[in-house]
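Protein chains get the first letters and strands the later ones, always in sequence-line order, with residue 1 at the start of each.
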Amino acid sequence: MKIIEAIGAYILDSVAALGNFVLFLISGVTYILMPPFKPRLTILQIRTIGANSLFLIVLIGAFTGMVLGLQGYTTLERFGSEAALGTVVALVIVRELGPVLAALMIAARAGSAMAAEIGSMQASEQVDAMTVMALNPVQYLVSPRILAGVISFPLLTGIFDVIGIMGGWLVGCVLMGAQTGDYFNGISSQMGADDIKLGLWKALVFGAIVMWVSCYKGYHAERMATGVSRATTEAVVLSSILILAADYIVGAILL
Amino acid sequence: MAHLTMTSNGNDAPAANAIEVRALRRRFDHQQVLNGVDLDVPAGSIVTIVGPSGCGKTVLLKHLNLLLRPDSGTITIDGVNVTRLGWRGIDAVREWFGMLFQSGALFDSMTVYENVAFPLVEKTSQTKDQIRGRVIETLQAVGLEGMDNKYPSELSGGMQKRAALARALIRRPKILMLDEPTTGLDPTRTGAIHHLIRKTQKDFNLTAVMVSHDVPAVFEVSDRVAFMHRGRMQLVGTVEQVMSSSDEEFKRFLAGRASGDEDNSTVSS
Ligand SMILES: Nc1ncnc2c1ncn2[C@@H]1O[C@H](COP(=O)(O)OP(=O)(O)O)[C@@H](O)[C@H]1O
Ligand SMILES: [Mg+2]
């Protein structure tokens with residue numbers, strides 16, 4: 001009986017935790033839509049996310065494109081279809097690797113920083129201080145970040161995509177033997193609005209997920225130093241898992 | 001239970017108590033942190049709660065300002081039973097409170113000025129000039145003029161406490177709650193903060209509940225003292241009553257404090 005009780009308690013706890021996790025997102029989104037709006041806080045967060053992650057995005061974007069250029073060229077060359085290199089690189093980046101890799105990078109940099117920031121605000125009672133002022137901390141700390149994520153992830157993903165395509169061109173056309181004309185003509189004739197839309201939708205969803213998870217983990221960090229460091233780790237791990245899961249789901253829905 | 005409470009005939013003058021706590025109980029996991037707390041806080045006085053660290057003083061304060069909900073028992077503030085309020089009611093009651101947290105809890109992304117102005121900016125429709133006037137005035141009252149543009153991390157511990165006190169006072173609360181306002185300060189600064197608290201309490205005609213470990217220094221600025229032990233109030237009374245009490249636990253606590261034994265953690269479990 002003890003075992004069944006324990007399993008029951010565990011399941012109830014898990015369901016309650018999942019419920020809290022979902023409610024957290026709902027209240028965060030509700031305060032985005034409800035006045036008073038906090039545009040200054042949102043802009044500040046966009047700036048923070050950008051400042052934290054831009055360099056990494058550029059770097060990873062460039063290398064991803066270069067690797068695709070190299071492998072794509074050597075593979076396509078076997079079939080004599082180097083002319084398709086631009087199309088392959090661009091579609092893979094815009095539809096898949098751009099949103100996913102950019103989101104993983106931002107989660108690692110900006111998401112973990114956010115979990116740590118909110119976690120230490122919780123530990124030093126700043127969140128309680130807001131509550132006692134009859135202000136809702138979610139409105140000040142969570143909603144602006146979710147909105148900032150939804151705005152900045154597509155922008156950063158766009159930058160990743162452009163840099164990646166240029167990286168593929170650099171290796172495939174300048175260093176290897178593909179033709180620059182073929183490369184860009186292929187992209188402009190083969191890549192459609194649907195591909196771009198898919199990439200942007202993914203970036204938008206990932207932005208909401210990373211901010212949601214990071215804020216939640218920080219907000220519920222245990223009130224001590226180890227609690228904050230645990231929260232940052234968990235934020236990155238859970239963000240990454242949910243990014244990959246959502247990548248599949250969004251892809252399947254918008255197929 | 002040496003209850004020296006002189007206002008035990010509380011029925012005669014219920015309005016005289018700003019806060020009344022009755023049989024408050026709260027459990028965390030397997031630890032009964034509050035185990036039947038009774039406490040009266042007469043309006044316009046400073047009641048100081050002392051006790052070994054970990055005995056539940058912070059938890060009690062967080063029940064008073066409604067950050068935590070009790071398992072049972074009641075808290076009455078200005079005649080309103082706040083333990084049954086919904087969130088709208090709670091927000092309304094919180095308008096009466098000013099709270100100084102144990103860790104100061106200044107927003108570290110904001111300057112001292114922004115911190116102190118924050119409750120006014122967010123919760124009132126005052127103009128920029130009105131707010132500026134009030135903030136300058138309050139910063140002066142706590143002896144922090146000219147520090148407006150500093151960030152909390154640039155302030156000393158004592159200054160942080162003053163800034164946090166200014167923020168707690170900015171909306172002119174009726175009830176001030178102070179959680180260890182002098183932790184980490186040297187004796188000189190401790191005395192200065194104590195007198196500042198007494199002065200602001202008089203100037204703004206406040207009721208104050210203070211948690212402190214500065215025994216017996218803090219008694220100088222207290223009207224009443226409550227000694228918390230094992231999740232309840234072991235001893236409550238005026239400073240004279242408490243100091244002359246023969247309660248063994250309290251004597252041991254006083255002796256432990258006097259000998260500089262910082263962690264006499266007789267933690268209730
Ligand atoms: N949120 C919480 N969850 C679990 N235990 C808690 C919580 N807050 C406080 N406690 C426990 O309650 C006891 C009293 O804590 P506290 O009120 O902070 O003591 P103090 O008298 O030093 O202020 C401690 O043993 C602490 O571990
Ligand atoms: Mg405490």
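At least one side-chain heavy atom of A:Glu125 sits less than 4.5 Å from a side-chain heavy atom of B:Lys62. Residues A:Met133 and B:Met99 have side chains not in contact (no heavy-atom distance under 4.5 Å, counting atoms from C-beta outward).
For CZ of B:Arg198, the number of neighbouring non-hydrogen atoms (other residues, nucleotides, ligands) closer than 6.0 Å is greater than 12. Environment of CZ in B:Arg134: crowded, with over 12 heavy atoms of neighbouring residues, nucleotides or ligands closer than 6.0 Å. Remark: B:Arg27 CZ is packed, more than 12 non-hydrogen atoms of other residues, nucleotides or ligands lying under 6.0 Å away. Other residues, nucleotides and ligands contribute at most 12 non-hydrogen atoms within 6.0 Å of the NZ atom of B:Lys150. Counting heavy atoms of neighbouring residues, nucleotides and ligands inside a 6.0 Å radius, atom CH2 of A:Trp201 does not exceed 12 of them.
For B:Leu106, the part lying under 4.5 angstrom from a heavy atom of chain A is the backbone only. For chain A, the nearby part of B:Glu95 is the side chain; its heavy atoms alone come within less than 4.5 Å.
Scanning both residues, A:Leu135 and B:Lys123, for their nearest heavy atoms gives CD2-CD, 3.2 Å.
Of the possible donor and acceptor atoms, none in the side chain of A:Gln126 sits under 3.5 Å from a partner among the backbone N and O of B:Ala105.
Aromatic ring centroids of B:Phe107 and A:Tyr140 lie 6.0 Å or more apart.
Separating the CD atom in B:Glu122 from the CE atom in A:Met130 is a distance of 8.5 Å, to the nearest 0.5 Å.
Applying the side chain to side chain donor-acceptor pair (under 3.5 Å) test to every pair with at least one member in residues 218-230 of chain A, sequence neighbours left out, gives these pairs: A:Gln122-A:Arg223, A:Asp128-A:Arg223.
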